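Given the structure is predicted, the values throughout are model-derived calculations rather than measurements.
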Amino acid sequence: MKAKQFIVIGLGRFGESVAKTLFQMGYDVLAVDDDETTVQEISDSVTHAVQMDATDEYALRTLGVRNFDIAVVSIGSNIQSSIMVTLNLKEAGVKKVIAKATNEMHAKLLTKIGADRVILPEYDMGVRVAHNLVSSNILDFIELSPDYSIIEVKAPEPWIGKDIKTLDVRAKYGINIMAIKSGTDINISPRATDLVDTDDILVVIGSIDDLSKIEGLVTND
């Protein structure tokens, strides 16, 4: 299977982090920014780095953007440029465009012009921090939509020693256990007979309301 190719446009702290991490994971990454110094600084940490104005539709097409699987638009400070680049990428035929927004209005505009996914980094981090503050046993929180999320949580005390079938979390809580982490081992799609042990980490998906029931089962240290 051909490895996915990424283009990251806008190399502020967020864009730089995304580009470098994807490259370190073994993917082809084209990094684009209109600042020459920024491009030079990242050139050794990505597959290719190009200095150009990505709001120029013709210049963008010369990069062969339609051949990339995913484009990440991380232009946050200039909302107009962010919208123009996102629109240009969609019209050029990029399969999936992920755009960073600075606020909810910016996010709505990006969604309306066709962004496949919009990220609000500060908001997302705020949500994670808030949930971690509420319970030290909530290890991570990822919002999938305004209604559904995924959490990583230490196995609640009442669940330890019981198997998935006995817990029957879908019927009792309206959630699903996607995986169980036991030390360095990860059990993807656990079976009904699998037991929950002490110190296990559970990866759980469900609605915000239903997940709040799980948070109620764990206690602050």
Side-chain angles (χ1 to χ4, degrees), residues 1-129 140-150:
M1 182 181 293
K2 180 184 176 182
K4 289 183 178 179
Q5 293 183 305
F6 296 83
I7 178 171
V8 179
I9 301 175
L11 301 175
R13 284 181 294 179
F14 178 79
E16 178 185 9
S17 177
V18 170
K20 287 183 175 180
T21 302
L22 288 170
F23 181 70
Q24 289 168 2
M25 293 170 68
Y27 294 102
D28 287 333
V29 180
L30 171 60
V32 180
D33 197 276
D34 61 2
D35 183 79
E36 185 176 356
T37 300
T38 300
V39 169
Q40 289 177 346
E41 289 176 349
I42 202 175
S43 60
D44 292 333
S45 303
V46 294
T47 311
H48 300 289
V50 176
Q51 184 269 321
M52 63 169 287
D53 178 6
T55 62
D56 184 331
E57 183 178 1
Y58 175 76
L60 198 61
R61 286 177 183 269
T62 63
L63 295 177
V65 292
R66 67 178 302 164
N67 296 319
F68 287 87
D69 300 290
I70 299 176
V72 180
V73 181
S74 56
I75 303 171
S77 58
N78 190 324
I79 293 178
Q80 181 177 346
S81 293
S82 166
I83 291 171
M84 289 179 63
V85 171
T86 300
L87 185 60
N88 288 342
L89 289 167
K90 293 303 295 184
E91 291 186 342
V94 178
K95 302 177 185 71
K96 186 173 184 178
V97 177
I98 299 171
K100 171 191 171 185
T102 54
N103 54 53
E104 290 189 10
M105 181 57 69
H106 186 191
K108 288 180 180 179
L109 290 170
L110 289 168
T111 300
K112 284 184 178 296
I113 64 171
D116 298 283
R117 182 182 173 192
V118 176
I119 298 172
L120 284 157
E122 291 185 358
Y123 170 81
D124 292 341
M125 183 55 69
V127 170
R128 290 188 179 194
V129 170
D140 204 354
F141 180 97
I142 301 172
E143 185 178 47
L144 300 176
S145 75
D147 298 316
Y148 289 89
S149 298
I150 296 173

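- At a threshold of 4.5 Å between non-hydrogen side-chain atoms, the residues Val18 and Val29 do not count as touching.
- Annotation: side chain to side chain contact (heavy atoms under 4.5 Å, CB included) contacts of Ser45 (sequence neighbours excluded): Lys20, Ile42.
- Looking at Asp33, its side chain never comes within 3.5 Å of a backbone N or O of Thr38 through a donor-acceptor pair.
- Here Phe68 pairs with nothing under the ring pair (Phe, Tyr, Trp, His ring centres under 6.0 Å) rule; sequence neighbours left out.
- For the side chain to side chain contact (heavy atoms under 4.5 Å, CB included) with Val97, the lone residue among Val118, Ile113, Leu89 that qualifies is Leu89.
- By the side chain to side chain donor-acceptor pair (under 3.5 Å) test, Arg66 is found to be paired with no residue, residues two or more places apart in sequence or in another chain being considered.
- The list of side chain to side chain donor-acceptor pair (under 3.5 Å) pairs with a residue in residues 83-92, not counting sequence neighbours, reads Lys90-Asp116.
- Side-chain contact between Ile83 and Leu110 is present, with heavy atoms from C-beta onward closer than 4.5 Å.
- Taking OG1 from Thr47 and CZ from Phe6, the interatomic distance works out to 11.0 Å, rounded to the nearest 0.5 Å.
- The stretch residues 34-46 participates, sequence neighbours left out, in no salt bridge (Lys or Arg N to Asp or Glu O under 4.0 Å) pair at all.
- Rounded to the nearest 0.5 angstrom, Gln80 CD and His106 NE2 are separated by 11.0 Å.
- In this view, Thr55 and Asp53, Ser81, Met84, Val85 satisfy the side chain to side chain contact (heavy atoms under 4.5 Å, CB included) rule, not counting sequence neighbours.
- Salt-bridge check for Glu104 with Lys108: failed, with every basic side-chain N at 4.0 Å or more from each acidic carboxylate O.
- With sequence neighbours left out, Ser17 forms a side chain to side chain contact (heavy atoms under 4.5 Å, CB included) with Thr21.
- Heavy atoms of other residues, nucleotides or ligands lying less than 6.0 angstrom from NZ of Lys95 number more than 12.
- In this structure, the separation between CD on Gln40 and CD on Gln51 is 9.0 Å, given to the nearest 0.5 Å.
- Distance check: Asp28 CG to Asn67 CG gives 12.0 Å after rounding to the nearest 0.5 Å.
- Annotation: the span from Asp69 atom CG to Gln5 atom CD amounts to 6.0 Å, rounded to 0.5 Å.
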Quick one, Val32 with Leu60, criterion side chain to side chain contact (heavy atoms under 4.5 Å, CB included). Give me CA distance, side-chain angles, the key distance, then yes/no. CA-CA 10 Å; Val32 180; Leu60 198 61; 5.7 Å; no
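- Closest approach of Val46 to Ala49, counting heavy atoms only: CG2-CB, 4.1 Å.
- In terms of heavy atoms, Leu120 sits closest to Ala101 at CD2-O, 3.4 Å.
- Of the possible polar contacts, one joining the Ser74 side chain to the Gly10 backbone as a donor-acceptor pair under 3.5 Å is found.
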